[in-house]
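See below for the structure under consideration.
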There are 2 protein chains.
Amino acid sequence: MKYLLQDLKVRVNDKIYIKDPESSDLGKRIIEHSILMIHEIGFDKFTFKKLGEKIGSNESSVYRYFENKHKLLLYLTSWYWGWLEYQLVFATNSIPDSKNKLRKGIEIITRSVKEDTSFSHINEVLLNQIVINEYSKSYLTKEVDEENKEGYFSIYKRLVIRLTDMIKDVDSDYAYPSSLSSTIIEGAMHQHFLADHFPSLTDCNKKITPTEYFIDLVFNSIKK
Amino acid sequence: MKYLLQDLKVRVNDKIYIKDPESSDLGKRIIEHSILMIHEIGFDKFTFKKLGEKIGSNESSVYRYFENKHKLLLYLTSWYWGWLEYQLVFATNSIPDSKNKLRKGIEIITRSVKEDTSFSHINEVLLNQIVINEYSKSYLTKEVDEENKEGYFSIYKRLVIRLTDMIKDVDSDYAYPSSLSSTIIEGAMHQHFLADHFPSLTDCNKKITPTEYFIDLVFNSIKK
DNA sequence: TATAGTTTGATAGTAATACTATTATCTTTG
DNA sequence: CAAAGATAATAGTATTACTATCAAACTATA
């Protein structure tokens, strides 16, 4: 599996970048260190100037890869959702029973990423943290509709729809499969965030995982 | 009820502002027009300079009320959650049956605000839209923990806990009342957002409301 | 291997943002 | 009427978010 993942290249919509960061050494360093830096100081305080200094390069060179930091965030989060989609498909593909498949799918999507896998320059553990803390900022903008039309959120949407389909496979009569799917994905990130910063607003902690909570929620709602 | 609401002043943590905007005419104009402006151009493009121009005043005067625009957003959203908490308590207080009470509570929290009530300078319809589109930005920061300690999110937390208690009253054995409560409040905003911008990711639309979806979700999860 | 093309780095510059400071004016109230 | 307090006007600073230009380095291929 490690080998398989090593060769897999997550395909991000090529309108998100000016020059493909996977196509050069500098591009890869931009990705690698932007993840480290956004994780460290937060997206709001992150700038291309600071990144340039960190990678021993220059602001203007970073601008040759991404129009602005918003696009870079779209790139990183798209990559993450693509990577997660791959995990989802890979882990559930061979499961014949639709309930078990859904259970496994929820597990993949709601768990927190614990170990960095094979992509050398991309740290998935930190990227998972970034998605929890910053993803909303990528779509809570006045430009959402335009950017949605451009396909900037298509990987994320595909993931939500994959989970929706798994729900439908278990109970084709359930009235809210799309809402439930989007609630699981967004809600899991939110529960992880609350566990870290607002423990009084969640039951999730060291012992109880968001996965348990969402599996209970889902299987009580469907198939009666 | 209109009269009652007219006299009610939502109490926002006084560390959020430098000078209470309710204490002067200029302060009220700041609140009134910041709501209109943030709704119009979005929080990211909103600045105190633009606001000053709009209200025929001056950047520096706005700074005498709020340290920065982040604090102003905290003020507006705190006010909103306080207002919603009032609606919740007022509407559910007299309901004896815990199930009916919870049902009503979910309705209050998940519905979209349709008409501006009595607070002359605060437009609750627009403020509801602002909360949907911008609230996450107020806590997805590197300063959350500090600001949480300062009590900047206490009204929001109180609201989540009120709903948690309503859930517990219906089923004291349910394992995830806090997570369910926070999922409803955050999830309702998210479903409204999706209905507006990503209709393929939700079942909510003109005909199906987030309220229906969440009532179904909650009452299938508790009390079996 | 010469040279043309491409990529990167360095520097400079602009407009806007996010403030702070100072002073003048205007309003309220004692 | 005077003093205090609030507001407006102006100026100024550091940082952000870029754009433009040019030279150096590296690469590709004729």
DNA chain D-proximal residues of residues 66-77 of chain A, any heavy atom under 4.0 Å: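 Close to the strand are A/Glu67, A/Asn68, A/Lys69.
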- request: Using heavy atoms and a sub-4.0 Å distance, could you list which residues of residues 18-49 of chain A are near DNA chain D? By number, please.
  value: A/Thr47
query: With distance as the sole criterion, is a donor-acceptor pair present between the side chains of B/His121 and B/Glu22 under 3.5 Å?
result: yes
message: Does either side chain, that of A/Thr183 or that of B/Tyr213, offer a donor lying less than 3.5 Å from an acceptor on the other one?
response: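 The answer is yes; a qualifying pair exists.
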Could you tell me whether a side-chain N or O of [X] sits under 3.5 Å from a main-chain N or O of [Y], the two making a donor and an acceptor?
{"X": "B/Glu212", "Y": "B/Thr209", "result": "yes"}
{"X": "B/His33", "Y": "B/Arg29", "result": "yes"}
{"X": "B/Asn13", "Y": "B/Glu150", "result": "yes"}

task: Classify the ring geometry between A/Trp79 and A/Trp83 as parallel (under 30°), tilted (30 to 60°) or perpendicular (over 60°).
output: parallel
- prompt: How many Å lie between OH on B/Tyr63 and P on C/dT20, as a whole number?
  reply: 7 Å
task: Apply side-chain hydrogen bond (donor to acceptor under 3.5 Å, both in side chains) to the pair B/Ser34 and B/Tyr75, showing each step before the final yes or no.
output: CA-CA 11 Å; B/Ser34 64; B/Tyr75 180 90; over 6 Å; no
query: On DNA chain D, which is the earliest and which the latest nucleotide, 5' to 3', with an atom closer than 4.0 Å to a heavy atom of chain A?
result: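 In short, chain A contacts DNA chain D from D/dT16 to D/dA20.
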Show me, pair by pair, the donor-acceptor contacts under 3.5 angstrom made by side chains of residues 192-202 of chain A, not counting sequence neighbours?
| unit_1 | atom_1 | unit_2 | atom_2 | d |
| --- | --- | --- | --- | --- |
| A/His192 | NE2 | A/Thr110 | O | 2.8 |
| A/His197 | ND1 | B/Asp145 | OD1 | 2.6 |
| A/His197 | ND1 | B/Asp145 | OD2 | 3.3 |
| A/Thr202 | OG1 | A/Gln191 | OE1 | 2.6 |
| A/Thr202 | OG1 | A/Cys204 | N | 3.0 |
| A/Thr202 | OG1 | B/Ser179 | OG | 2.9 |

Gap between atom OH of B/Tyr63 and atom CD1 of B/Ile30 - 0.5 Å precision: 12.0 Å
field: B/Glu40/B/Lys54 ion pair, N-O < 4.0 Å
entry: yes
message: Tell me whether B/Lys137 is salt-bridged to A/Asp44, with the criterion being a basic N under 4.0 Å from an acidic carboxylate O.
response: no
Show me the donor-acceptor pairs within less than 3.5 Å that the side chains of residues 154-162 of chain A make with the rest of the protein, sequence neighbours left out.
| unit_1 | atom_1 | unit_2 | atom_2 | d |
| --- | --- | --- | --- | --- |
| A/Ser154 | OG | A/Gly151 | O | 3.0 |
| A/Lys157 | NZ | A/Asn148 | OD1 | 2.9 |
| A/Arg158 | NE | A/Glu85 | OE1 | 3.4 |
| A/Arg158 | NE | A/Glu85 | OE2 | 2.8 |
| A/Arg158 | NH2 | A/Glu85 | OE1 | 2.7 |
| A/Arg162 | NE | A/Glu85 | OE2 | 2.8 |
| A/Arg162 | NH2 | A/Glu85 | OE2 | 3.2 |

For nucleotides 10-13 of chain C, tabulate all protein N/O to nucleotide N/O atom pairs closer than 3.5 Å, reporting atom names and distance.
| unit_1 | atom_1 | unit_2 | atom_2 | d |
| --- | --- | --- | --- | --- |
| C/dA10 | N7 | A/Asn58 | ND2 | 3.4 |
| C/dA10 | N6 | A/Ser60 | OG | 3.4 |

query: Taking only N and O in the side chain of A/Tyr65, is any of them less than 4.0 Å away from OP1 or OP2 of C/dT7?
result: no
- prompt: Please walk me through it: do A/Lys104 and A/Glu107 pass salt bridge (Lys or Arg N to Asp or Glu O under 4.0 Å)?
  reply: CA-CA 5 Å; A/Lys104 188 71 188 174; A/Glu107 194 196 310; 3.7 Å; yes
